Amino acid sequence: MKPKILITDKLHPAAIEVAKGFAEVQEFYGHSPEEVLSKIPGYDALIVRSGTKATREVIEASDLKIIGRAGVGLDNVDLDAAKEKGIEVVNSPEASTIAVTELVMGALLTLLRNIHHADRSMREGKWERSRFTGNELYGKTLGIVGFGRIGKEVGERARAFGMNILAYDPNITAEDAREFNAECAELDDLLKRADIVTLHIPLVEGTRNLIDEGKIDLMKDSAVIVNISRGGVVNEKALHDALKDGKLGGAVLDVFENEPPKGSPLMNLENVVLMPHLGASTDEAQINAGTVVVEKIRNFFREK
Ligand code: NAD
């Protein structure tokens with residue numbers, strides 16, 4: 001018998017097609033928590049994005065074997081309740097790896113070559129060639145803090161640009177780093193030596209404000225910080241002050257302590273490229289977020 005899947009947040013049609021290949025699929029969008037609760041009995045799998053909360057109540061009322069969260073976080077799934085009922089939980093954090101990686105490279109080049117300013121100036125009818133002299137990536141040292149999925153992919157692209165790579169990650173060895181043409185370094189050493197520091201770490205207690213005033217002081221004058229990971233891993237006040245004083249040369253920010261960062265003084269600085277949390281915003285990543293989870297669910301039922 002085919003497994004029955006309830007999908008309560010919109011997935012990409014490509015993912016729905018994959019699901020229909022092995023399961024009975026019910027798309028059940030835009031319903032209240034009470035309606036989800038009364039609908040859930042009898043389904044083997046539930047797929048959500050960030051809209052639906054798979055609460056303890058929903059989980060306890062269900063016959064679920066597996067819950068799929070299309071995307072990165074799992075904060076809308078009650079993991080304790082799922083564990084108590086022996087329900088497997090899967091998500092698809094790998095779906096946006098390439099989207100984030102390419103954004104790092106694109107935004108960094110935008111900052112270093114003043115593309116955003118040049119575009120604005122042209123639209124104002126100007127032709128300011130000498131004002132926008134920039135810098136190259138070639139031969140520079142990139143410090144990657146967090147050498148997981150995204151960190152490694154960024155390292156690979158940066159190598160193609162002729163950069164030297166330093167990697168800091170408490171969970172990798174020197175040999176792991178070497179395999180990716182990177183040199184393993186302690187955080188302070190990396191900060192002292194890198195021309196550009198890019199962060200690819202989760203926001204947890206140990207990483208909150210990891211880059212604070214003291215760490216920024218260690219950095220080279222005119223160095224650049226890229227944060228397309230999570231708001232809060234860089235102390236925004238310290239970053240703002242260092243950018244304003246000219247200690248740092250620039251920053252790329254896709255994530256903020258508060259999103260949107262209303263009234264943040266960072267928005268008044270010229271040497272910052274700002275984006276509204278666009279890391280995972282590609283068509284491909286959106287398709288992947290659904291299909292990766294659906295494929296994990298398919299494998300789960302196959303193995304059963
Ligand atoms: P990952 O789990 O593959 O890698 C994270 C790495 O950080 C791990 O290797 C881990 O060992 C390391 N790490 C943990 N604590 C550390 C510390 N104190 N110092 C240095 N390294 C530490 O995750 P990933 O898929 O590479 O994602 C990285 C980050 O990017 C995550 O925070 C994720 O939420 C974020 N992200 C942002 C967007 C966006 O839209 N801006 C999209 C996707 C992912």
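Here the structure is a predicted model, which means the values were calculated and not measured. Read the numbers this way: they start at 1 and go in the same order the structure lists the ligands and their atoms. One is the number of the first residue; the rest follow in order along the sequence.
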Next item on the list: Please say which of Ile144, Val252, Leu142, Asn135 ends up in a side-chain contact (heavy atoms from CB on, under 4.5 Å) with Ile196.
Entry: Leu142
Margin query: Geometry only, no angles: is His277 polar-contacting ligand 1 at N/O separations under 3.5 Å?
Written below: yes
Checklist line | Verify same cluster id: Val273, Phe161 (apolar side-chain graph, 4.5 Å) | finding: yes
Item checked: Heavy-atom donor-acceptor pair, Asp63 side chain to Gly42 backbone, under 3.5 Å -> yes
Check: Which of the numbered atoms in ligand 1 are below 4.0 angstrom from a heavy atom of Gly146?
Finding: 7 (O), 20 (C), 21 (N)
Notebook entry, point to check: When you measure from atom 19 (N) of ligand 1 to every protein heavy atom, which one gives the shortest distance, and what is it?
Noted result: Tyr168 CE2, 3.3 Å
Next item on the list: Give the numbers and elements of all ligand 1 atoms closer than 4.0 Å to a heavy atom of Pro170.
Entry: 16 (C), 17 (C), 19 (N), 20 (C), 21 (N), 22 (C)
Check: Can you find an N or O of Arg230 that's nearer than 3.5 Å to an N or O of ligand 1?
Finding: yes
Check: Of all heavy-atom pairs between Phe180 and Lys152, which one has the smallest distance, and what is that distance?
Finding: CZ-CD, 3.4 Å
Next item on the list: Indicate, as side chain, backbone, both or neither, the part of Val255 found under 4.0 angstrom from ligand 1 when only non-hydrogen atoms are considered.
Entry: side chain
Next item on the list: Identify, for atom 28 (C) of ligand 1, the protein heavy atom at the shortest distance, and state residue, atom and that distance.
Entry: His200 O, 3.5 Å
Notebook entry, point to check: Is it true that the side chains of Glu94 and Thr97 contain a donor and an acceptor less than 3.5 Å apart?
Noted result: no
Check: Is the closest N or O pair between Ile228 and ligand 1 shorter than 3.5 Å?
Finding: yes
Note to self: Suppose we measure from atom 2 (O) of ligand 1 to each protein heavy atom; which comes out shortest, and what is that distance?
What the structure shows: Arg149 NH2, 3.8 Å
Notebook entry, point to check: Are the side chain of Asp254 and the backbone N or O of Leu278 linked by a donor-acceptor pair below 3.5 Å?
Noted result: yes
Margin query: Show me which atoms of ligand 1 lie under 4.0 Å from any heavy atom of Asn171.
Written below: 10 (C), 11 (O)
Next item on the list: Pull out every atom of ligand 1 sitting under 4.0 Å from any heavy atom of Asp254, numbered as shown with elements.
Entry: 39 (C), 40 (O), 41 (N)
Item checked: Cationic N near anionic O, under 4.0 Å, Asp241 to Lys237 -> yes
Next item on the list: Using a 4.0 Å heavy-atom cut-off, say whether Ile150 meets ligand 1 through its side chain, its backbone, both or neither.
Entry: both
Check: What about Ile201: any of its N or O atoms under 3.5 Å from an N or O on ligand 1?
Finding: yes
Item checked: Heavy atom of the protein closest to atom 35 (C) of ligand 1 (residue, atom name, distance) -> Ser229 O, 3.5 Å
Next item on the list: Looking only at protein heavy atoms, identify the closest one to atom 9 (O) of ligand 1 and say how far it is in Å.
Entry: Asp169 OD2, 2.6 Å
Item checked: Under 4.0 Å to a heavy atom of Ser96 - the qualifying atoms of ligand 1, by number -> 42 (C), 43 (C)
Checklist line | Numbered atoms of ligand 1 (with element) below 4.0 Å of Ala280, judged on heavy atoms | finding: 40 (O)
Next item on the list: Determine, for Arg149 against Glu153, whether the closest basic-nitrogen to carboxylate-oxygen distance falls under 4.0 angstrom.
Entry: no
Item checked: Presence of salt bridge, Glu88 and Lys296, under 4.0 angstrom -> no
Margin query: With a 4.0 Å cut-off on heavy atoms, is Val100 in contact with ligand 1?
Written below: yes
Check: Do Asn76 and Ser50 have a side chain donor and acceptor closer than 3.5 Å?
Finding: no
Margin query: Can you report which non-hydrogen protein atom sits closest to atom 14 (C) of ligand 1, along with the distance?
Written below: Pro202 CD, 3.7 Å
Check: Which atoms from ligand 1 have a heavy atom of Thr207 less than 4.0 Å away?
Finding: 15 (N), 17 (C), 18 (N)
Item checked: Test item: Gln286 side-chain N/O and Ala280 main-chain N/O as donor-acceptor pair under 3.5 Å -> yes
Notebook entry, point to check: Of His116, Lys126, Arg131, Glu128, which is the lone residue that meets side chain to side chain donor-acceptor pair (under 3.5 Å) with Ser121?
Noted result: Glu128
Check: Any idea how Phe22 and Phe301 line up, ring-wise: parallel (<30°), tilted (30 to 60°), or perpendicular (>60°)?
Finding: tilted
Item checked: Protein contact to atom 4 (O) of ligand 1 [nearest heavy atom, distance to 0.1 Å] -> Gly148 CA, 3.3 Å
